Colleague: 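Have a look at this one.
Model, not experiment: these values are computed from the prediction. Numbers for residues simply follow the sequence, beginning at 1.
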Amino acid sequence: GLGDVYKRQILMSAFSFVAIGKQQSDIKNPEKYSINNENYKSLYLDKFLNLKKERKPVISNDWMVVTANFQASKAAAKILEKGGTAVDAMISAQLVLGLVEPESSGLGGGAFLVYFNNKKKEIITLDGRETAPLMIKEDIFQDANGNPLKFFDAVVGGKSVGTPGTPALLEQAYIKWGKTKWSLLFEDAINLSDNGFVVSEKLSSSVQKSKKSLSKFLKTREYFLPKNNPIKSGDILLNKNYAETLRAFSKYGSKTFYSGTIANDIVSTVQNSIHNPGLLSHEDLFLYRVIERNPVCSKYRNYKICGMGPPSSGALTISQILGMIENYNIAELGFDNPNTWRIIGDASRLAFADRSIYMADSDFINVPIKELINKDYLYKRARLLNSKNKIEEIKPGNIIGKSSLNWGKDISIELPSTSHISIVDKYGNALSMTTTIENGFGSRLMTDGGFLLNNELTDFSFKTYKNGKKIANSIEPGKRPRSSMAPTIILKNDKPVYVLGSPGGSNIIGYVVNAVVSLIDWKVNVQEAASTPHGINKFGTFYLEKNTRLSKIEPFLKSMNYKVKLRNFSSGLNIIHIDDKLYGGSDHRREGVAIGN
């Protein structure tokens, strides 16, 4: 049950928003904060007030933030209201997310940032992806017979931990585009750590599902399962160790994670893990660098879709799917037409076939980026979609002659977790960042600093060769594992019009494609796009979202020779539309919240 103090805290927060600004007297008109908070209400307030309200886009004049958690959005809104930039707000939100949604992202993980600089009218991307330790061996995720380990046998413990990139990315982004005093960006996260934050339904249920693996490590168990009892939704949880880490970060910058006491603790936690001790070293931390990369941009209809290039496969695969379905009138076919989903589904299968062969860390292999999104190449691939039924045999395309097929088909697993942040500030800058520790709770290793370490190395292929050919996404020292994260900014006439992204493992690509088609072809608003029913087909089986209008096309797809399964999806699309005003929407499937002024 919730105590009276907590009830008052929630009611004040939801209805007057005085908690958004630390100086309460600064907020003369609390109603100016608009919030699509149905999930938050359903989790906490409906118990007392039985409130139900239709979820609609949030409308704002000057700035907008959409994150995966009310407490993170609130922290970012406070920064934006005081004149901070999108990057300032992102940093504040990410620091809070690492506390309130630790199963999804945090200082022990990595992130990809896509940024529109309004002053220079350009898209810039920052790669804060984790790197493989220099001492890594290609057979680290294989048994004595050379067979791949079971996924969770590889995930839990130190051997799955890559060099964290998030602290360095936050600092690098701030140096480039920050404005607010650095230390002020830490205030809300430190306050929540010291004085307590509200455990959400998502965190509570995630702990319950991962109870067994979280119990393997003392520090992790004591925090998430105190006295062997999983933390519950509505609990007030403190993390004093995280507060101390944030104080050090705010004082000394990211170097405190890559050398010094915190670095020593990270290395010790990995190397001395009682289960699957790992290879991460001080040298790996010291050598880590954020990389500024060229964005991957492609045209779709009259829009320019921009995102993160390799080691992310997100923008490339999305560009391929959209480039194929662009040859068909999806708008006229309509959402409820099985042929619409046949085209989208098989375009996705064709793109994932290319992804499995060609896409990996471009610092280690030659990724044929231009060739993969070339309009003529995609037109030829799209001709395969001229069918009444499922394409029976999917093969990767031959990009640049026979030599392009010398890579082996990838063998890697990506399970849903991750978080996404979308922000537009009053200066016209736009930011899309997807952030992760990979699987829920990452490696399950918690440091003395109160944050979890990633299991990002399991995003590599567990095997190095397939049928005698080397796999592009095989593990190598210093290499960054391929990702499906797809932070996206969509432009029209060189001006940003949509900012979006989602968590969800390799399904992220399908989620973002569904949202883009919904926005551009079906002209829905951002909330409708965030909540659109999902149809996903990556490798042959068509997955349709249960209990939605899309599930009605199941028999028609079966008649087209598809194997069809109905399932729930855990997308977390956070979308902003930039028009005469700003419009924010957040996926009803998670706990995301949009806030504008």
Colleague: Are N514 and I536 side-chain neighbours, meaning at least one heavy-atom pair lies under 4.5 Å?
Modeller: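 Yes, their side chains come closer than 4.5 Å.
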
Colleague: Is the backbone N or O of Q142 less than 3.5 Å from a side-chain atom of D139, with the two atoms forming a donor-acceptor pair by type?
Modeller: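 No, the answer is negative, given that no donor and acceptor are paired below the 3.5 Å cut-off.
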
Colleague: Can you see whether S502 engages H420 through a side-chain donor-acceptor pair at a distance of less than 3.5 angstrom?
Modeller: no

Colleague: Are I578 and V424 close enough that some pair of their side-chain heavy atoms sits under 4.5 Å apart?
Modeller: yes

Colleague: Check whether more than 12 heavy atoms from other residues, nucleotides or ligands sit under 6.0 Å from atom CD of E283, and answer yes or no.
Modeller: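 12 or below, so no.
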
Colleague: Would you indicate whether the side-chain heavy atoms of P503 and S419 approach each other to under 4.5 Å?
Modeller: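 No, their side chains stay 4.5 Å or more apart.
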
Colleague: Distance check, rounded to the nearest 0.5 Å: L500 atom CG versus L519 atom CG?
Modeller: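 The distance works out to 7.0 Å.
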
Colleague: Which class fits the ring pair F151 and F462: parallel under 30°, tilted 30 to 60°, perpendicular over 60°?
Modeller: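 Because their plane-to-plane angle is under 30°, the rings of F151 and F462 count as parallel.
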
Colleague: Does a side-chain heavy-atom distance below 4.5 Å link S105 with T436?
Modeller: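 A side-chain contact under 4.5 Å is absent here.
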
Colleague: Applying salt bridge (Lys or Arg N to Asp or Glu O under 4.0 Å) to D127 and R293, what does each step give before you reach the verdict?
Modeller: CA-CA 7 Å; D127 171 3; R293 299 190 186 273; 2.8 Å; yes

Colleague: Considering all heavy atoms of both residues, which atom of L169 and which atom of A111 are nearest to each other, and what is their separation?
Modeller: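 Closest heavy-atom pair between L169 and A111: CD1-O, 3.5 Å.
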
Colleague: Hey, does the side chain of K159 reach the backbone of I140 with a donor-acceptor pair shorter than 3.5 angstrom?
Modeller: yes

Colleague: So, S73 versus T67: side-chain donor-acceptor pair below 3.5 Å or not?
Modeller: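 The criterion, which ignores hydrogens and geometry beyond distance, is satisfied for T67 and S73.
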
Colleague: Should D579 and V497 be marked as a side chain to side chain contact (heavy atoms under 4.5 Å, CB included) after you check the CA-CA gap, both sets of side-chain angles, and the distance that decides it?
Modeller: CA-CA 7 Å; D579 197 9; V497 288; over 6 Å; no

Colleague: Is any side-chain heavy atom of H577 closer than 4.5 Å to a side-chain heavy atom of L582?
Modeller: no

Colleague: Any idea which heavy atoms bring L285 and P164 closest together, and the distance?
Modeller: CD2-CD, 4.0 Å

Colleague: Side chains of I423 and L80, heavy atoms from C-beta outward: is any pair under 4.5 Å?
Modeller: yes

Colleague: Could you give me the CA-CA distance, side-chain angles and deciding distance for Y115 and I123, then say whether side chain to side chain contact (heavy atoms under 4.5 Å, CB included) is met?
Modeller: CA-CA 6 Å; Y115 183 80; I123 296 275; over 6 Å; no

Colleague: Inspect the contact between K470 and E476 and indicate whether a charged nitrogen and a carboxylate oxygen are less than 4.0 angstrom apart.
Modeller: yes

Colleague: Hey, could you give me the CG/OG1 distance between L550 and T532, rounded to the nearest 0.5 Å?
Modeller: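 Interatomic distance, L550 CG to T532 OG1, rounded to 0.5 Å: 8.0 Å.
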
Colleague: Do V564 and L544 touch side chain to side chain, with heavy atoms closer than 4.5 Å?
Modeller: yes

Colleague: State, with a plain yes or no, whether a side-chain heavy atom of N374 is found less than 4.5 Å away from one of K380.
Modeller: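 In short, these two side chains do not touch, never coming nearer than 4.5 Å.
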
Colleague: Are any of the side-chain nitrogens in K463 or E138 under 4.0 Å away from the carboxylate oxygens of its partner?
Modeller: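 Between E138 and K463 there is no salt bridge, as every charged N stays at least 4.0 Å from the carboxylate O atoms.
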
Colleague: The test is salt bridge (Lys or Arg N to Asp or Glu O under 4.0 Å); show your working for R589 and E545 and say whether it passes.
Modeller: CA-CA 12 Å; R589 301 167 186 86; E545 190 159 15; 2.8 Å; yes

Colleague: Before we go on, tell me: are the rings of F542 and W341 under 6.0 Å apart, centre to centre?
Modeller: no

Colleague: Tell me whether the count of non-hydrogen atoms from other residues, nucleotides or ligands lying under 6.0 Å of CD in E332 goes above 12.
Modeller: no

Colleague: If you draw the axis of the six-membered ring of Y379, does the NZ or CZ of R381 fall within 45° of it and under 6.0 Å from the ring centre?
Modeller: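 No, R381 does not lie over the aromatic ring of Y379.
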
Colleague: When rounded to the nearest 0.5 angstrom, what is the spacing between SG in C297 and CG in L491?
Modeller: 7.0 Å

Colleague: Which distance, rounded to the nearest 0.5 Å, do you find between the CG of D587 and the CD of Q527?
Modeller: 8.0 Å

Colleague: Ion pair present between R301 and D521, side-chain N to carboxylate O less than 4.0 angstrom?
Modeller: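 Here R301 pairs with D521 in a salt bridge, since their nearest N and O are under 4.0 Å apart.
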
Colleague: Evaluate side chain to side chain contact (heavy atoms under 4.5 Å, CB included) for I475 paired with F141, printing each intermediate quantity in order.
Modeller: CA-CA 9 Å; I475 196 164; F141 297 127; 4.2 Å; yes

Colleague: Name the one of R482, R129, R480 that satisfies salt bridge (Lys or Arg N to Asp or Glu O under 4.0 Å) with D459?
Modeller: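 Exactly one candidate clears the test, R129.
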
Colleague: Could you check whether atom NZ of K299 has more than 12 heavy atoms from other residues, nucleotides or ligands sitting under 6.0 Å from it?
Modeller: no

